[in-house]
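Notes follow once the structure below has been shown.
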Amino acid sequence: MMNLAPLRGTRDFFPDDMRLRNWLFGHFRDAARKFAFEEYDAPILELEELYIRKAGEEITGQLYNFEDKGGRRVTLRPEMTPSLARLILQKGGALTLPAKWFSIPQCWRYERTTRGRRREHYQWNVDIFGVPGVTAEAELLAVLVTFFRQLGLGPQDLEIRISNRKLLQSVLDSLGVPDEKFAPVCVLVDKLEKLPREAIEQDMQALGLTDTIVDRIIETLSLKSLDELDNVLSEKYEVIDELRGLFRLGEQYGIADWLSFDASIVRGLAYYTGTVFEAFDRGVNLRAICGGGRYDRLLSTFGGNDIPACGFGFGDVVIVELLKEKNRLPEFTPEIDDLVCPFSEDLRGPAMQIASRLREQGRVVDLVLEDKKIKWIFKHADRNGASRVILIAPDEWSRGEVRVKNLKTGEESNLSPDAL
RNA sequence: GCGGGUGUAGCUCAGGUGGUUAGAGCACCAGGUUGUGGCCCUGGGGGUCGUGGGUUCAAGUCCCAUCACUCGCCCCA
C-alpha cells in the first residue's frame, strides 16, 4: 500500500479532530464578531514577491515556495498580513474606513520539523485599517481578552506583554543610526533571547552598529517599567505617552489585569512600526500564544498609499496545548438528534418522509440506510450520540404511529408522525 | 547535515540467550437476546513482523543496508 501518512509537518483532521478545531474556530469567530469584525479570505497560493522583504526575518527565510507551470515563483502563504494588504489595496478609494477584518487562514513554512514546529498551522488574524491612534490597539487587545475569557482562561493564566517599536527607533535615531537599519535591527533584537549573544552582536556589527549602540539597545530593552524608562531616557519621547495612553484604555476596558509593559517585546517581522505585543502563559514553558502590532507603512512597500493599520495573528496549536494543560478542553463527542430506521424495506419510504420532516424542523437526523437488526440500530445510535431512536415498525405503522425511544431517559412511546 | 530511540493486527503494545501454524488488550463483526443501546459471556475476521539483502538446518529475534516516524543537536542565525 502507498504511504498513507500526511506529508511531514502537516496534519490530517479526522472527524474527532475536526470537532475540536471547529470548536476553537467558533470561538475565534465569535470573539471577532462581537467586536463587529468581518470575515474575509484569500488564496493560499501567492506570488513569492509578496514576501520578499530582505530583513533577515525567519518567516521569509522559510517560504514554502516553488515554480508553477507558468514559470512564476509562487509560495504557500507564511502569514496573512501581506495578502490582507493586497486586498486592501485592491479596494482603493472604495474602502470605507475603518476596516475591521478577520480571517482564519492556513499558513505554511518549509523548515525542518521539531517538537511544536510544523509546516502548517491555522492562524486567526484580526486587523484594523484606518485608525492611527491606540484606540485600535485597545480594540485588538479587548478581542483577545474576550476570546480568552470565553475559553475559561483568566489573567492568572495569561498575560499580554506590550511594547512599542518607536522606543527602539528613538534610541537608534538619537545614536545616528540610519532609518533603513531599523527593521533589520528589530529582527535581530527579537532573537536576543533565542540565540547566543555573540552571534547577535556579530550580526549587529555586520549592519554597521558599534558596540556602544548595541549596549544601549540592550540597556533600553531591559527596563522593566514605563516610569523607569521615563527617568532613564534623556529626551521626552512621545512613545511613552502613547504607551501610557494604551494602558489607560486598557483600564477603561476592564482588561488592565491582562496587560503588562515589557520593553523586550519587538516581534520578528520587519513591517511593524509602533505598538507590538505578545501573549504568554504565566505557567512558563510554552512559546508565545499570539502576537501583533501596528504596521502603518506596509502598503507603501507594495507601491500603494499607506493607511494606518494594526492587527494580530493567533496560531491554533499553542493555545490547544495550553488548554490541555489547564484541563479546559471540553469533551468532544458526536451528537445527532434523531436516528430514524425502517423496520423493513417496504417501510423505507415512510421513514424517509419522516426524516425529511424532522430535518425541515431543523433537527439533525440520521437514517439507517441498510437492513439492520435492532441491536445494531441501538448500538449505532449510541455511538453517534443520538437523543432519540424513531422506529418505523409494521404494527405501529398499521395504526399510523411510530415507536419513539428517548435514549437519554429511556422513555418509550408510540406517536403519530405529526407529533414528533 | 549529525547522533539517539522506535518500527509486530485499525490502535496501544508483549514476544530471555534464534526453534512448529506470531500473541494480548482495545476496536470491529457475529451469536447469546428472531422488536430495544451502554454491562456481561462466547466466537470470528484481520499480520508480506517497515523494506531489501546476508548469516543459519531454522530469523519477529543476529548482521548489513535502506526508508519512515520521533527526540536532541547543527543549520536557519
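Each chain gets a letter, A, B and so on, in the order the sequences are listed, and its residues count up from 1.
Residue-level contact check: A/K373 touches the backbone only, with heavy atoms under 4.0 Å from sugar-phosphate atoms and none from bases. Counting any heavy atom pair closer than 4.0 Å across all strands shown, A/R8 reaches sugar-phosphate atoms only and no base atom. Residue A/E111 is classed as having no contact, given no heavy-atom separation below 4.0 Å to the nucleic acid. Note on A/A393: a base of the nucleic acid sits closer than 4.0 angstrom, heavy atoms only.
The environment of A/K372 atom NZ is dense: over 12 non-hydrogen atoms of other residues, nucleotides or ligands sit within 6.0 angstrom.
On the C1' atoms, B/C75 is 27 Å away from B/A65, given to the nearest whole Å. Taking atom P in both B/U61 and B/G54, the straight-line distance is 14 Å, to the nearest Å. Taking atom P in both B/A14 and B/U8, one finds a spacing of 10 Å when rounded to whole Å. Across the P atoms, B/A68 and B/C26 are found 35 Å apart, a figure rounded to whole Å. Distance noted for atom P between B/C64 and B/U55: 15 Å (whole Å). The C1' atoms of B/U21 and B/A58 are separated by 15 Å, rounded to the nearest whole Å. A gap of 39 Å separates the C1' atoms of B/A30 and B/U70, to the nearest Å. Comparing B/C13 with B/G53, their P atoms sit 29 Å apart, to the nearest whole Å.
Distance, A/K379 NZ to B/G37 C1': 9 Å, rounded to whole Å. When rounded to the nearest whole Å, the span between CZ of A/R109 and P of B/C75 equals 18 Å. Rounded to whole angstrom, the span from the NE2 atom of A/H380 across to the P atom of B/G38 amounts to 15 Å. Regarding A/I377, its CD1 atom lies at a distance of 12 Å from the P atom of B/A30, rounded to whole Å. Rounding to whole angstrom units, NZ of residue A/K372 and P of B/G31 are separated by 10 Å. Taking atom OH of A/Y64 as the reference point, atom P of B/C76 lies 22 Å away to the nearest angstrom. Going from atom CD of A/E412 over to atom P of B/G37 covers 10 Å, rounded to whole Å. Atom CG of A/D12 and atom P of B/C11 are 13 Å apart (whole Å).
Interface remark: the A/K375 side chain does not form any donor-acceptor pair with the B/U36 base, using a distance-only criterion of under 3.5 Å. Contact annotation: side chain of A/E396 to base of B/G35, donor-acceptor pair present below 3.5 Å.
Side-chain contact check for A/Y272 and A/D190: no donor-acceptor pair (N or O, by modelled atom type) lies under 3.5 Å. A donor-acceptor contact under 3.5 angstrom links the side chains of A/S264 and A/D262, judged on distance only. In this model, a donor atom of one side chain and an acceptor atom of the other lie less than 3.5 Å apart for A/E159 and A/S260. Using modelled atom types, one finds a donor on one side chain and an acceptor on the other under 3.5 Å when comparing A/R21 with A/Y122.
In terms of position on RNA chain B, the residue among A/G410 and A/G61 whose nearest nucleotide sits closer to the 5' end is A/G410.
Considering only side-chain atoms of A/R112, the nucleotide from B/U36, B/C74, B/C76 that sits closest is B/C74. Here the nucleotide nearest the side chain of A/R403, chosen from B/G37, B/A30, B/G35, is B/G35. With B/C73, B/G37, B/A30 as the candidates, the nucleotide lying closest to the side chain of A/L407 is B/G37.
Searching all strands for a Watson-Crick or G-U wobble partner of B/C57 with both distances below 3.5 Å returns B/G19. If you check B/U51 for Watson-Crick or wobble pairing at under 3.5 angstrom, you find it paired to B/A65. Taking a pair to require two hydrogen-bonding distances under 3.5 Å in either a Watson-Crick or a G-U wobble arrangement, B/G3 pairs with B/C71. Across all strands shown, B/C26 pairs with B/G10; the Watson-Crick or G-U wobble distances both stay below 3.5 Å. As the counterpart of B/C76, no nucleotide is assigned, since no Watson-Crick or G-U wobble pattern has both distances under 3.5 Å. As the counterpart of B/C40, B/G32 is assigned, both hydrogen-bonding distances of the Watson-Crick or G-U wobble pattern falling under 3.5 Å.
Within the structure, the salt bridge (charged side-chain N to carboxylate O under 4.0 Å, His left out) test picks out the following pairs touching residues 340-362 of chain A (sequence neighbours left out): A/E345-A/R348, A/R357-A/D418.
OP1 or OP2 of B/C28 sits under 4.0 Å from a side-chain N or O of A/R383.
Results of the ring-ring contact (aromatic ring centres under 6.0 Å, His included) test with A/Y271 over A/Y295, A/F302, A/Y51, A/F182 single out A/Y295 as the only residue that passes. Just one residue in the list A/W124, A/F37, A/F28 forms a ring-ring contact (aromatic ring centres under 6.0 Å, His included) with A/F312, and that residue is A/W124.
Remark: A/T210 engages no residue in a side chain to side chain donor-acceptor pair (under 3.5 Å) (not counting sequence neighbours).
Applying a 4.0 Å cut-off to non-hydrogen atoms, the residues of residues 333-346 of chain A that approach RNA chain B are A/F343, listed by residue number.
Residues A/L76 and A/L45 are in side-chain contact: their nearest non-hydrogen atoms beyond the backbone lie under 4.5 Å apart.
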